[in-house]
Amino acid sequence: MLETAHDEIKKAAKKLQLTDQDIDELLKVEHEHQFKIELDSGKTLGAFRMQHSSKRGPYKGGIRFHPDVDLDEVKALATLMSFKTAAVNIPMGGGKGGVVVNPRELSKEEVEEIARKYVRGLQEHLGPQTDVPAPDVNTNGEIIDWMVDEYSKLTGDETKASFTGKTIANGGSEGRIQATGYGGYLVVNELLEQMGRADEELTFAVQGAGNVAEYFVRSVLDKRPNWKFIAISDSSATVYRKDGLDMHSLLALKEGKGRFSDYEGGDAEVRSSYAIIGLECDVLVLAALGDAVNEGNQDQVKASMILELANGPVDSDVMEELEWRDISIIPDIVANAGGVIVSYLEWQQNLDGEHWPEDTVLRKLEDIIVPATRDMVTTSRKENVNLKTAAFINAIKRLKNA
Ligand code: NAD
């Protein structure tokens, strides 16, 4: 992952004719924190916080609790966060953290102990103007609330701007739950408008049916009655209907913790989970996993556009081949930035002692993500590069000018 991230950055940097020294500077992680968390039970856990860049603002990025967390992965994720915040032009940097642990093997008390000890181990390197972490894989608002509480006890900080992704009752933002899916809708809508296609009867297939996919689908249903969902998948199956699916009943099935393999909805077909990749549609929305389109299945793709809502769902090795076949890829770095943008808005609200209503938050999200999409398209046309390289070029220019 670190290599892929670096390759992408180098590709854009070469286009800007940066020197090797400039490139090294862009890739360098400013601070690497590695420490041990000793639990009362006697267990010892490895913990990390990588702070890649603070040139444009405080480090920003999640903390994950996972048994496979390792130094290089956290470095790659921290680096990508700096480029993501710069690509959408918010005044924050990039960081990422993790604890090597499987939270499913722990009691709730132990998870709380880890959260609090993580903050104690890093206290002097965190803070509203220094590093503002958020939830990530296996961490959530409740865990972040413990972290904020610990940070406040240690430092006396009362703003709660030291972390984002808090519960609403504890200073979290309205709109965070729908931010990434809604942001993805705004990005694809802007691109389709620029192409003069937004008012056409377009067909969509969605891989994944979690938080991001749900709010992407709800946004489209709400705003674009001319766009039709012909397929959606989860890890159990793909549900397909050429003339359009009843998405309300499918979302309700997932809300009730059901599986698509059990779906019985009129004349919709239930196919294998991986069948979603090869369906004929205008836009294939990837909102589940990394590397969903890879060397093994890229030749099956029949969509004319891919929207990357997960992180790295199109393997970088197959991107050129897809683009050669005229399939445009809307890159994750902008397409799924809605979450980090609302995190930034949460931080702003906390610093100003305010709590904005949902429609204000979503309007501010739109005011950030739509211009970022336009900038990406402009650079792509001007430099004659794909959208991903264009987003990285914009990010590099902003990081260099900071
Ligand atoms: P989630 O856990 O809520 O949902 C993931 C969904 O993917 C589930 O419905 C699961 O059934 C489905 N899935 C798993 N394996 C699958 C398979 N093989 N085929 C089809 N579906 C499969 O996660 P989420 O929050 O919706 O995030 C989705 C992706 O977006 C992740 O890669 C995440 O890292 C990324 N992302 C999320 C956010 C955010 O704000 N939630 C922000 C940026 C990026």
Aromatic ring pairing Trp347/Tyr344, orientation class (parallel under 30°, perpendicular over 60°, tilted between): tilted
Phe229 vs Phe216 aromatic rings, parallel, tilted or perpendicular, using cut-offs 30° and 60°? perpendicular
Heavy-atom check, side chain of Leu18 versus side chain of Lys10, under 4.5 Å: no
Just wondering, do Glu190 and Glu366 contact through their side chains at under 4.5 Å, heavy atoms? no
Check ion pair [X]-[Y] (N to O, under 4.0 angstrom):
X      : Y      : answer
Glu346 : Lys166 : yes
Arg241 : Asp246 : no
Lys153 : Asp149 : yes
Arg325 : Asp299 : no

Can you tell me if [atom1] on [X] sees more than 12 non-hydrogen neighbours from other groups inside 6.0 Å?
X      : atom1 : result
Lys242 : NZ    : no
Asp20  : CG    : no
His125 : NE2   : yes
Leu251 : CG    : yes
Arg120 : CZ    : yes
Glu264 : CD    : no
Glu158 : CD    : no
Asn384 : CG    : no

From [X] [atom1] over to [Y] [atom2], what is the distance, rounded to the nearest 0.5 angstrom?
X      : Y      : atom1 : atom2 : result
Leu253 : His248 : CG    : NE2   : 14.5 Å
Met92  : Ile341 : CE    : CD1   : 12.5 Å
Asp136 : Ile144 : CG    : CD1   : 9.5 Å
Glu110 : Ile37  : CD    : CD1   : 12.0 Å

Work out which heavy atom in [X] is nearest to a heavy atom in [Y]; give both atom names and the distance.
X      : Y      : result
Ala303 : Val283 : CB-C, 4.4 Å
Ser273 : Asp234 : OG-O, 2.8 Å
Ile333 : Val88  : O-CG1, 4.4 Å
Gly127 : Tyr151 : CA-OH, 3.2 Å
Ala87  : Ala372 : O-CB, 3.8 Å
Tyr59  : Gly94  : CD2-O, 3.3 Å

Walk me through it: do Glu8 and Lys388 pass the test salt bridge (charged side-chain N to carboxylate O under 4.0 Å, His left out)? CA-CA 8 Å; Glu8 205 51 64; Lys388 189 162 223 158; 5.2 Å; no
Identified side-chain contact (heavy atoms from CB on, under 4.5 Å) partner of Cys281 from the options Thr203, Leu202, Ile276: Thr203
The single option from Thr79, Val74, Leu80, Ile63 passing side-chain contact (heavy atoms from CB on, under 4.5 Å) against Lys96: Val74
Donor + acceptor pair across side chains of [X], [Y] (<3.5 Å):
X      : Y      : result
Asp145 : Thr167 : yes
Arg64  : Asn138 : no
Asn350 : Thr159 : no
His52  : Glu30  : no
Thr180 : Asn336 : no
Gln51  : Glu32  : no
Asn189 : Lys223 : no
Thr378 : Asp375 : no
Thr164 : Lys60  : yes

ring-ring contact (aromatic ring centres under 6.0 Å, His included) between Tyr118 and Phe35, worked out: CA-CA 9 Å; Tyr118 185 86; Phe35 58 105; 5.6 Å; yes
Determine yes or no for a side-chain-to-main-chain donor-acceptor pair under 3.5 angstrom, with Ser380 supplying the side chain and Val385 the backbone. yes
Quick one: list whatever passes side-chain hydrogen bond (donor to acceptor under 3.5 Å, both in side chains) with His66, sequence neighbours left out. none
Over-ring placement of Lys254 relative to Phe260, 6.0 Å and 45° cut-offs: yes
